[in-house]
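Worksheet for the structure shown next.
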Amino acid sequence: MTVRDTVRWAATHGAMRLATRVRARSGNPDAEVLLDPQLRADPYANYERLRTAEPFAAGAFARISVHHDVCTDVLRSDDFGTLGGARTDGLPAVLKLALRVAGPRPTIGPIDPPSMLAVDPPEHTRYRRLVSRAFTARAVAQLRERTRQIADELLDDLAADGAADDGRVDLVERYASLLPVTVISEMLGVPVALREQFLAWGDGASPSLDMGLDRQAHASVERSLAELESWFREHLRRLRRDPGDDLLSTLVGVADDDGSGLTETELLATAMLVFGAGFETTVNLIGNGAAQLFAAPDQRRLLAEDPSLWGGAVDEVLRIDSPVQRTARRARRDTTVHGVPVAAGELVVLVLAAANRDPRVFDSPQEFDVTRANARDHVAFSSGIHFCLGAALARMEGEVALQALFERFPDLAPAGPPRRRSTFILRGYASMPVRLTPAGASPSAPAGQLPVPA
Ligand code: HEM
């Protein structure tokens, strides 16, 4: 890390780590979750400790809400916007000065302007309009069959891998991570042959959503973002010279032609966000879904008996173990939330994963129930103008991936403890050893069979 990087880290993540430690020592449930590896692995009990305070509890470094109605109201309110450059709010003057001296971060991050996630209208409207057509429910429905083909090809490879090792494979490495990156690469016209490299950059960059990173993680984020950015910069240049029939070529063309005035940085930020969000989240939906189903054989049996339940099951996975755990907003003006004043500039943290277990919305909220009638009322894709652009795609991929997997390998079972990803906001597994078939059996179960697990 350069001196500037170190100053930037110390004034942001470093300062935040210190503040969180102080709050954790005084028993703050949010700060405890952020620091304690065991609680990070299972934060849900601590979220319940925050539920007694309304509309906000005191969080590690901002007010925080775990309530479904409060989260939804803030996310839909025009009185709140993205954090933008406001992540320096509340810093002592000396740290703000240090940041000014260090200058802006050299890379384009997913939660820094001009990323769509980090800007308010009118910029947000402009960026989102350019890409939204490719992600409508109708456009996504046309990708379903191809996604099923990709799933079947990966499952063939999985069976071959398993045959070499007594039916054992790593489900995340060999399936859950590969399916989404293949689909989004094909959509965007990015070479599928480079998917392992993209996954490595994506994994390196994904902690950039978290607050309070240590120096090593911060350095690795910056390195991965810089490498990904440099690859994309070159790729967009190639498309400008020689456009193809893909979303990024359209984006390059529109940005040039219709006077919308996208700068190269805006173009890069949009392309990189859509690409990264396209695979860094859905991998967790598939992994978290497999883990839930391993733990609930009765639910697995229901799905085997009635495959029409798979769509609802995916929403139930998104609800019970949300791949994006939280987000935040900044008040654009003095306002009130459920009668409580919030001052202009103040940050509020919204725990989507806890809102999804709000007992006022979901009966027996801690239970995983694939027949839950209102599972789709979750806020795992957020709400308001930043509602996930890829929600229809993620739902379709999750459904296709999980159904194809459990139908192909009806005896699929864990073969050792899974390992969680180090990221906190993005929640999922880095590795999940599984056995495709009972020990000693051939791992090439016939496709299309719908057996019922014992
Ligand atoms: C299970 C998978 C996914 C989950 C849980 C998820 C979750 C989210 C959430 C919570 C947000 C909003 C954050 C906020 O309000 O601050 C978001 C935004 C976004 N997501 Fe997803 N996402 C998923 C998959 C995808 C996919 C497959 C794409 C592919 C294009 C995608 C692209 C985006 C983009 C571009 C935004 C920014 C939208 C905006 O700011 O207007 N996501 N996602």
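Both counts, for ligands and for their atoms, begin at 1 and track the order of listing. Numbering of residues begins at 1 and proceeds along the displayed sequence.
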Exercise for the section: Find all atoms of ligand 1 within a distance of less than 4.0 Å from any non-hydrogen atom belonging to Leu352, and give their numbers and elements. Expected result: 10 (C)
Handout entry: Test item: Asp170 side-chain N/O and Glu173 main-chain N/O as donor-acceptor pair under 3.5 Å
Key = yes
Practice task
State whether the number of non-hydrogen atoms from other residues, nucleotides or ligands found under 6.0 Å of Gln38 atom CD is greater than 12.
Solution key: no
Problem - Heteroatom proximity flag, Thr282 to ligand 1, N/O under 3.5 Å - result: no
Exercise for the section: Return yes if a side-chain donor-acceptor contact under 3.5 Å exists between Asn356 and Ser322, otherwise no. Expected result: yes
Problem - Protein heavy atom at shortest distance from atom 10 (C) of ligand 1 - result: Ala380 O, 3.3 Å
Problem - ring pair (Phe, Tyr, Trp, His ring centres under 6.0 Å) partners of Phe275, counting only residues at least two apart - result: Phe198, Phe232, Phe279
Exercise for the section: Using a strict cut-off of less than 4.0 Å between a Lys/Arg side-chain nitrogen and an Asp/Glu carboxylate oxygen, indicate whether Arg395 and Glu316 qualify as a salt bridge. Expected result: no
Practice task
Could you tell me if any non-hydrogen atom of Thr82 lies under 4.0 Å from any atom of ligand 1?
Solution key: no
Handout entry: Numbered atoms of ligand 1 (with element) below 4.0 Å of Leu273, judged on heavy atoms
Key = 35 (C)
Handout entry: Residue pair Arg357 / Pro365: nearest heavy atoms and the distance that separates them
Key = O-CB, 3.3 Å
Exercise for the section: Could you tell me if any non-hydrogen atom of Val131 lies under 4.0 Å from any atom of ligand 1? Expected result: no
Fill in the blank from the handout: atom 40 (O) of ligand 1 has as its nearest protein heavy atom His386 ND1, 2.6 Å
Handout entry: Sidechain N-carboxylate O distance under 4.0 Å for Arg372, Asp377
Key = no
Problem - salt_bridge(Glu145, Arg148) N-O dist < 4.0 Å - result: no
Handout entry: Non-neighbouring partners of Arg144 that pass side-chain hydrogen bond (donor to acceptor under 3.5 Å, both in side chains), sequence neighbours left out
Key = Glu399
Exercise for the section: Considering only non-hydrogen protein atoms, determine which one is nearest to atom 38 (C) of ligand 1 and report residue, atom name and distance to 0.1 Å. Expected result: Arg128 NH1, 3.4 Å
Problem - Nearest atoms (heavy-atom pairs only) where Pro433 meets Pro417 - result: CD-O, 3.6 Å
Exercise for the section: Can you check the number of protein N/O/S atoms within less than 2.8 Å of atom 21 (Fe) of ligand 1? Expected result: 1
Problem - Stacked cation flag Arg319 on Phe362, 6.0 angstrom / 45 deg - result: yes
Practice task
Say whether Glu397 and ligand 1 are in contact under the criterion: heavy-atom distance to a ligand atom below 4.0 Å.
Solution key: no
Practice task
Please check if the distance between the ring centroids of His124 and His386 is under 6.0 Å.
Solution key: yes
Fill in the blank from the handout: A student checking ligand 1 against Met116 at a 4.0 Å heavy-atom cut-off should list atoms 38 (C), 39 (C), 40 (O), 41 (O)
Practice task
Return the set of residues passing side-chain hydrogen bond (donor to acceptor under 3.5 Å, both in side chains) with Ser249 (not counting sequence neighbours), or none when no residue passes.
Solution key: Asp246
Handout entry: ligand 1 atoms in contact with Arg329 (distance to a heavy atom under 4.0 Å)
Key = 14 (C), 15 (O), 16 (O)
Exercise for the section: Identify, by atom number and element, the atoms of ligand 1 in contact range of Leu318, meaning under 4.0 Å from any of its heavy atoms. Expected result: 1 (C)
Handout entry: 4.0 Å heavy-atom contact, His124 with ligand 1
Key = yes
Handout entry: Ile385: numbered ligand 1 atoms lying under 4.0 Å from its heavy atoms
Key = 41 (O)
Handout entry: Ligand-residue contact atoms, ligand 1 with Leu285, heavy atoms, under 4.0 Å
Key = 1 (C)
Practice task
Could you list the atoms of ligand 1 found under 4.0 angstrom from a heavy atom of Val274?
Solution key: 29 (C), 30 (C)
